[in-house]
Every structure is written in structure tokens, then in C-alpha cells.
Amino acid sequence: MRTGAAAQHHGYYHEAVRYASDEELLAVAVPFLLGGVEAGEPTFVALGERTGGLVRSALPAGAAVEFLPGGDVYARPTAAIRSYRQLLAEQVAAGAGQIRIIGEVPPVSFGATWDWWARYESAINHAYDDFPLWSLCAYDTRITPASVLADVARTHPRFATPDGRHLPSPTWTPPTEYLRENRPIVPDPVETQPPAVELTDPTAAEARAAVRKADQGQVPVDDVEDLVVAVSEIVTNALRHGRPPVRLRVWAGDDRIVTAVSDGGDGPEDPYCGLLPASDGGPGGLGVWITYQSCNHVTWQRDDAGFTLRLTAGNPYTG
């Protein structure tokens, strides 16, 4: 896509901006947003408090740009996808032919929970196919780890640069390939302790009871109940679609409950499993999607022993 080309084309564009100074961010964000305003396109900002404030102060007074509460939008990857799809559908229903959004994943996500945000960045290359969206994802290279920037280059087809260019990413990887890669789980320190509960081939009821047994009031009641439902779903999936034995382990931390459900199978075939509602009604797709909606971190791993899905309620370990 050449400079300015997207202003004349309608469709879905997913770009990243890597910036090393506030001036570089504004050099990309301000023309991007004002270009949307001039074209009569709904134009949104979903940045954090500091960066959002920078952009707001750099825009002309009264510019028709709407600021979304960035922190709320990016509570969880699936919540971000769901809220954006709702926003986009509303704009299209109101007659929008093209929509612009600049947003950012919270920097707190760059640690041990980055894996599901990396998959989010990949999945949204497909999640918004139905909408005429030009989205720009901002990453501050002063605080973003090199490993995260490597994933950003693989999950964004193009980069927007401060000098107005739109350059293809040389390491861009299609989501159907990227999402099937096995990303090692960063161990949570609570896993170095023996589990509070360990069960083999538990029933869904036994799995629910195991989570409740580990609850010592260290996480909000709603989070516990969400985890109870999620673990019940995942154990049921593993018993139905996985390969025995199914193993459930539950750890109780000071501010979180961590559970791991393992079986001897290969896990879901759908690369978008968990991040998008299963379009084909594939095995276990709805249960995993519900889990991604309700837990504060979900990660998975395939190894020689099979497939493990780890679910965290409370405050996930961020590394």
C-alpha cells in the first residue's frame, strides 16, 4: 500500500507503528486521524492515558475524533475483539464506508501474558474481515521488549512510518500459520509448588469442586465462579475430544488461582480456537471461547505428552 492509498480504497488494513519518541508517534497518528476526519470516516483513538493525552493535545480543537477508554477495550483479547466487532458493526449500520482506529495493547501485557496478545494481533488479521477498517497498532520501542517487537513484525502485514510511508513487513506470517505455532508457556512461580489439588480423569463436577477447594478468598467471587465454569468446560472437552488420561492440577497463589488441564491429544485443530467463536461448530470451540472470555489469562502448549491448557483467575503472573 503506497502513501495515502488507503484513503482512496475501502477495505481492511492492519498496520503497526513502531515509534522511538513521542514526536514519531504524533507524526503518524495525527495525519492518520485527520485524514479520516477529512474523508468523513468515523475515526477513533483507543490509546492509554499518557499516549491518548499526547494525541488529544496535538489534534485541532473540535476535531471529530472519538476517544475510547483504551484500558477497558483491552481488558482481555477476546473482549477487545468482541467490543471492536460491535463498534464496527454499529458504524457500518450507520453508513460508514471506511473506519479508522489507532490503539495499543497495554504495556503490562508485554511480560508473561504476552502470548495471548500475540495471538490476538495475529487473529485480528481475520477477525475484522467483514468490516472496512484501517487499524493502526502503536508500539513504543523504548519500553517494548525485542521479542514482542519480533511478534509485532510477524502479526502486522505493514508498518506505518513517521515519514508517511506504508512498508510491508518482511517477516509477516499469515494467521493460519502463526496461530498453529507452539508458544512455550512461561511458568507461573506457583507451579513450582505441589498443586493444591491434582486429579486424573475427573468428572466436570469433580473439576468444579477442585477449583472451589483451592479458593481461599484470594480472588473476587465472580472470578472464582468464572474459573469454575471454564475448568468444567475444558475438562469436559478433554474427556470428550482429547486422549486419556485427562489430568487436572490446581494451584492456589496469594492473589490468583492457576489451573492446568492436560490430555494426551493434539488439542483443537482450529487456529482461531478461543479467540473467535467457532464458525464451524468444531469440537470444543465454544467451551474454549467461553474460557477466553472469563479467565484473566489463558495459554496452551503442545508437547510430546499431549496438550495443556492453563487458566488463571485473579492477577496473572506478568513476569
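Along the sequence shown, residues carry numbers from 1. All figures in this text were calculated on a predicted structure; none of them were measured in a lab.
- A 4.5 Å side-chain heavy-atom check between Y12 and I124 finds at least one atom pair inside the cut-off.
- R208 and S232 share a donor-acceptor pair across their side chains, judged by distance under 3.5 Å alone.
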* Asked: After noting the C-alpha distance and the side-chain angles of R56 and E49, does the key distance pass the salt bridge (charged side-chain N to carboxylate O under 4.0 Å, His left out) rule?
  -> CA-CA 10 Å; R56 190 190 295 270; E49 190 175 348; over 6 Å; no
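- Minimum heavy-atom separation, P175 to N125: CG-CB, 4.0 Å.
- The side-chain heavy atoms of L311 and L309, taken from C-beta on, include a pair separated by under 4.5 Å.
- Between L88 and Y128, the closest side-chain pair of non-hydrogen atoms falls below 4.5 Å.
- L136 CG to F159 CZ: the interatomic distance, rounded to the nearest 0.5 Å, is 11.0 Å.
- Between the CG atom in L199 and the CD atom in E206 there is a gap of 6.5 Å [rounded to 0.5 Å].
- Around CZ of R18, the count of heavy atoms belonging to other residues, nucleotides or ligands within 6.0 Å does not exceed 12.
- Looking only at distances, no side-chain donor or acceptor of W116 sits under 3.5 Å from a matching main-chain atom of H297.
- Annotation: W172 is not in aromatic contact with H156 [ring centroid separation under 6.0 Å not met].
- Here the CG atom belonging to D223 is positioned 10.5 Å from the CD atom belonging to Q218, to the nearest 0.5 angstrom.
- Stacking of R302 on the aromatic ring of W300 is recorded, both the 6.0 Å distance cut-off and the 45° axial limit being met.
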* Apply the test salt bridge (charged side-chain N to carboxylate O under 4.0 Å, His left out) to residues R247 and D201: give CA-CA distance (whole Å), side-chain angles for both, the deciding distance (0.1 Å), then the verdict. => CA-CA 6 Å; R247 184 174 169 219; D201 295 328; over 6 Å; no
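- At a threshold of 4.0 Å, the pair R119-E181 does not count as salt-bridged, since none of the basic side-chain nitrogens sits closer than that to a carboxylate oxygen.
- Remark: side-chain polar atoms of T312 are not paired, donor with acceptor, to backbone N or O of V258 under 3.5 angstrom.
- Remark: the backbone N or O of F32 is paired with a side-chain donor or acceptor of R100 at under 3.5 angstrom.
- Atom CG in L149 sits 14.0 Å away from atom CZ in R154 (nearest 0.5 Å).
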* Does the side-chain hydrogen bond (donor to acceptor under 3.5 Å, both in side chains) test come out yes or no for W134 and E15, once each step is laid out? -> CA-CA 8 Å; W134 185 0; E15 296 185 313; 2.9 Å; yes
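- In terms of modelled atom types and a separation under 3.5 Å, the side chain of E191 and the main chain of D188 share a donor-acceptor contact.
- Screening Y120, Y178, Y272, F131 for a ring-ring contact (aromatic ring centres under 6.0 Å, His included) involving H126 leaves a single residue, Y272.
- Without hydrogens or angle criteria, D263 side chain to R243 main chain gives a donor-acceptor distance under 3.5 Å.
- Between V92 and I99, the closest side-chain pair of non-hydrogen atoms falls below 4.5 Å.
- Taking a cutoff of 4.0 Å between a charged side-chain nitrogen and a carboxylate oxygen, E90 and R85 do not qualify as a salt bridge.
- Note that CD1 of I234 and CG of L239 are 11.5 Å apart. Values are rounded to the nearest 0.5 Å.
- The only member of D303, D115, D151 that meets salt bridge (charged side-chain N to carboxylate O under 4.0 Å, His left out) when paired with R183 is D151.
- By the 4.5 Å heavy-atom criterion applied to side chains, F307 and Q301 are not counted as neighbours.
- Atom CG of D129 sits in a crowded spot, with more than 12 heavy atoms from other residues, nucleotides or ligands closer than 6.0 Å.
- Side chains of T291 and E233: no donor on one and acceptor on the other come within 3.5 Å.
- No side-chain N or O of S122 forms a donor-acceptor pair with one of T155 less than 3.5 Å apart.
- Contact detail for V235 and P202: the closest heavy-atom pair is CG1-O, 3.5 Å.
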* Do T43 and E66 pass the side-chain hydrogen bond (donor to acceptor under 3.5 Å, both in side chains) test, and can you show the C-alpha distance, the side-chain angles, and the key distance before you say yes or no? -> CA-CA 6 Å; T43 303; E66 185 172 339; over 6 Å; no
* Dump the intermediate steps for side-chain hydrogen bond (donor to acceptor under 3.5 Å, both in side chains) on S109 and W114, then the final yes or no. => CA-CA 5 Å; S109 307; W114 169 248; over 6 Å; no
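- E121 and Y139 are linked by a side-chain donor-acceptor pair at a separation below 3.5 angstrom, with hydrogens and angles left out of the test.
- Within the 4.5 Å cutoff, no side-chain heavy atoms of L227 are placed close to those of D215.
- Counting only heavy atoms from C-beta outward, the side chains of Q91 and P132 never approach each other to under 4.5 Å.
- Counted within 6.0 Å of CD on E269, heavy atoms from surrounding residues, nucleotides or ligands total 12 or fewer; the atom is thus considered open.
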* Could you go through the side-chain contact (heavy atoms from CB on, under 4.5 Å) check for D255 and V219 one step at a time? => CA-CA 6 Å; D255 60 352; V219 300; 5.7 Å; no
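- The backbone N or O of C295 lies less than 3.5 Å from a partner atom in the side chain of R76, making a donor-acceptor pair.
- Distance check, rounded to the nearest 0.5 Å: CG of L87 to CZ of F44 gives 4.5 Å.
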* To do: Using the side-chain contact (heavy atoms from CB on, under 4.5 Å) rule, take Y317 and V186 through it: C-alpha gap first, then chi angles, then the decisive distance, then the call.
  => CA-CA 9 Å; Y317 170 67; V186 178; 4.3 Å; yes
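- Side-chain N or O atoms of R180 include one that pairs as donor or acceptor with a backbone N or O of T176 at under 3.5 Å.
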